[in-house]
Number of protein chains: 2
Amino acid sequence: MTTKKAAAPGGATPRDRLLDAAGELFYREGVGVPTDALCKAAGVSKRSMYQLFDSKDAVFAAALERGEPALTAWLLPPPEEERGPRERLLYVFERLEEAAREPDYLGCPYVAAQVELKEPSHVASVVAARAKRRLVDFFRTEAGRAGAADPGLLARQLAVVYDGAGTRAGIGAEDLRGLAVTMAATLLDAAGVPDDGPPR
Amino acid sequence: MTTKKAAAPGGATPRDRLLDAAGELFYREGVGVPTDALCKAAGVSKRSMYQLFDSKDAVFAAALERGEPALTAWLLPPPEEERGPRERLLYVFERLEEAAREPDYLGCPYVAAQVELKEPSHVASVVAARAKRRLVDFFRTEAGRAGAADPGLLARQLAVVYDGAGTRAGIGAEDLRGLAVTMAATLLDAAGVPDDGPPR
DNA sequence: GGACATGGAAACCGATCGGTTTCCACCGGG
DNA sequence: CCCGGTGGAAACCGATCGGTTTCCATGTCC
């Protein structure tokens with residue numbers, strides 16, 4: 001029987017190591033990273049890489065996809081929390097500012113991927129677009145719960161703030177101390193979102 | 001005497017043709033365009049290209065720099081106009097939305113350059129950063145004239161909206177019908193910028 | 001008309017890249 | 001103890017890329 005593969009000493013399975021390294025390297029260096037560098041960083045041979053994936057692009061897409069749950073879990077407020085919808089929305093922008101404080105922050109990886117690839121039909125672009133859509137969906141449902149006049153509009157506005165702030169911080173044009181949260185709060189106010197009631 | 005070079009039949013001087021084509025191609029295809037493609041598009045030999053510039057990167061930087069005056073002239077309100085400062089600020093976001101309506105709009109070229117290069121010290125990144133700074137400067141001085149409570153803060157906020165809206169439109173995640181202008185207006189209101197008086 | 005500078009076409013060069021293949025070391029199951 | 005599957009190291013291949021060079025077809029100035 002082909003053993004189902006347990007955690008090898010050098011880390012997880014080659015696939016995991018590869019995708020982790022890919023996520024990091026693509027983010028840091030861009031789509032242009034040579035496959036050799038990728039494999040070296042992952043401690044994986046090109047042989048293994050190409051029998052796990054069809055192309056470098058496929059690795060890129062898979063790495064983006066794999067990273068999403070973790071990023072989402074960190075970015076979005078935990079669902080079991082007793083926070084009100086307004087605070088839940090602002091929570092995301094606090095996380096964004098926290099991430100942007102990191103000196104080597106390079107902006108949202110999904111934005112970067114789509115900007116670098118330019119081709120929307122690219123496998124990785126599709127994955128990235130889906131990830132971004134999920135964030136807007138979160139914004140919209142929370143905006144609805146929060147009593148926004150036009151939840152769809154507010155969600156789009158928040159997405160613009162999120163991507164704008166993330167991008168500007170990523171290119172070093174801005175350090176965001178409170179900027180993203182302030183802007184989000186201003187837009188929430190203008191959309192008629194009231195303060196959350198006291199935590200129950 | 002070395003003739004000072006007049007408009008050749010095939011277009012302007014080789015340098016001009018090269019920079020025009022470079023601006024267009026780098027924007028459309030990204031930093032990865034082969035020099036051959038660049039030269040072919042410009043109708044210029046690599047020989048000429050490399051005796052005009054030191055490297056492809058230098059061409060990139062020069063193309064970005066050369067494009068700026070035209071873009072600025074189109075993006076910013078004409079100075080001789082009798083518009084009030086609030087309208088002058090909103091004018092920029094109307095131009096942005098107009099540009100984003102173009103189906104092949106790919107976002108702000110300076111943002112794209114910095115995102116793709118990632119290296120802030122890159123020649124082209126420096127040019128791009130300077131261009132972006134000039135826009136924020138415009139925002140700040142107009143915000144001051146407009147009576148904003150904190151012109152510096154408002155300018156940073158407007159920059160976030162500008163880059164966020166431009167980027168999202170560029171990656172096809174948003175079509176911006178009125179979104180950018182609305183957001184800018186909301187932020188102007190929150191910053192205490194009054195409506196312009198009647199045109200004198 | 002002849003000397004000279006300009007500039008395109010294209011061959012060329014070394015390096016690199018995406019992807020394939022070969023070889024071998026190591027593993028668990030019989 | 002052998003056997004088949006896994007997977008790393010590394011050679012390898014064709015294509016491409018950034019950059020250089022050679023060659024020649026134009027000019028323009030004297």
Side-chain angles (χ1 to χ4, degrees), chain A residues 1-22 25-26 28-64 113 116-119 122-125, chain B residues 1-22 25-26 28-64 113 116-119 122-125:
Chain A
M1 191 257 274
T2 76
T3 59
K4 203 43 189 300
K5 196 60 34 55
T13 142
R15 189 171 194 277
D16 288 335
R17 274 178 292 151
L18 183 63
L19 289 184
D20 286 345
L25 263 187
F26 281 135
R28 293 257 89 81
E29 318 261 356
V31 210
V33 271
T35 55
D36 321 35
L38 224 174
C39 292
K40 174 113 66 174
V44 160
S45 67
K46 296 216 281 179
R47 184 184 182 279
S48 306
M49 165 175 167
Y50 278 108
Q51 75 188 31
L52 285 169
F53 300 95
D54 286 344
S55 63
K56 194 176 83 161
D57 290 337
V59 176
F60 189 13
L64 278 188
E116 285 181 50
L117 296 172
K118 293 182 193 309
E119 183 55 59
H122 190 290
V123 236
S125 279
Chain B
M1 190 257 274
T2 77
T3 58
K4 202 44 185 305
K5 196 56 36 53
T13 142
R15 188 172 196 276
D16 289 335
R17 276 178 290 150
L18 183 62
L19 289 185
D20 286 346
L25 264 188
F26 281 134
R28 294 256 88 82
E29 319 260 358
V31 210
V33 272
T35 54
D36 320 36
L38 223 174
C39 292
K40 174 113 66 176
V44 159
S45 67
K46 296 215 282 178
R47 184 186 182 279
S48 305
M49 166 174 164
Y50 278 107
Q51 75 188 32
L52 285 168
F53 299 94
D54 287 343
S55 63
K56 195 176 82 161
D57 290 337
V59 176
F60 190 15
L64 279 188
E116 284 183 48
L117 296 173
K118 294 182 193 307
E119 183 54 59
H122 190 291
V123 234
S125 278

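Order of the sequence lines fixes the chain letters, A, B, ..., with proteins taken first and strands second; residue numbering starts at 1 for each chain. Keep in mind the model is a prediction, meaning the values are calculated, not measured.
The nearest whole Å value for the distance from the CZ atom in Arg47(A) to the P atom in dC12(D) is 18 Å. For the pair Leu25(A) CG and dC17(C) P, the interatomic distance rounds to 13 Å; values are reported in whole Å. Between the CG atom of Leu18(B) and the P atom of dG18(D) there is a distance of 13 Å, given to the nearest Å. Going from atom CD of Gln51(B) over to atom C1' of dG8(C) covers 11 Å, rounded to whole Å. Distance CG (Asp16(B)) to P (dG7(C)): 11 Å, rounded to an integer number of Å. As rounded to whole Å, 13 Å separates atom C1' of dG19(D) from atom CG of Asp57(B).
Across all strands shown, Val33(A) has heavy atoms under 4.0 Å from sugar-phosphate atoms exclusively, and none from any base.
Nearest nucleotide to the Tyr50(A) side chain, out of dC17(D), dG19(C), dG7(D): dG19(C). Here dG18(C) is the nucleotide among dG18(C), dG8(C), dG7(D) with the atom lying nearest to any side-chain atom of Lys46(A). Each of dG18(D), dG7(C), dG18(C) was ranked by its minimum atom distance to the side chain of Pro34(B); first place goes to dG18(D).
Between Phe60(B) and Phe26(B), the two ring planes are tilted [angle within 30° to 60°].
Phosphate contact (OP1/OP2 of dG18(C), side-chain N/O of Thr35(A), threshold under 4.0 Å): present. Of the side-chain N and O atoms in Ser48(A), one or more sit less than 4.0 angstrom from OP1 or OP2 of dG8(D).
The closest donor-acceptor contact from the side chain of Lys56(B) to the backbone of Val33(B) lies under 3.5 Å. Listed for the Glu116(A) side chain is a donor-acceptor partner under 3.5 Å among the backbone atoms of Val31(A). Arg15(A) places no side-chain N or O within 3.5 Å of a backbone atom of Leu52(A) that could act as its donor or acceptor partner.
Between Met49(A) and Asp36(A), it is Met49(A) whose nearest contact on DNA chain D lies nearer the 5' terminus.
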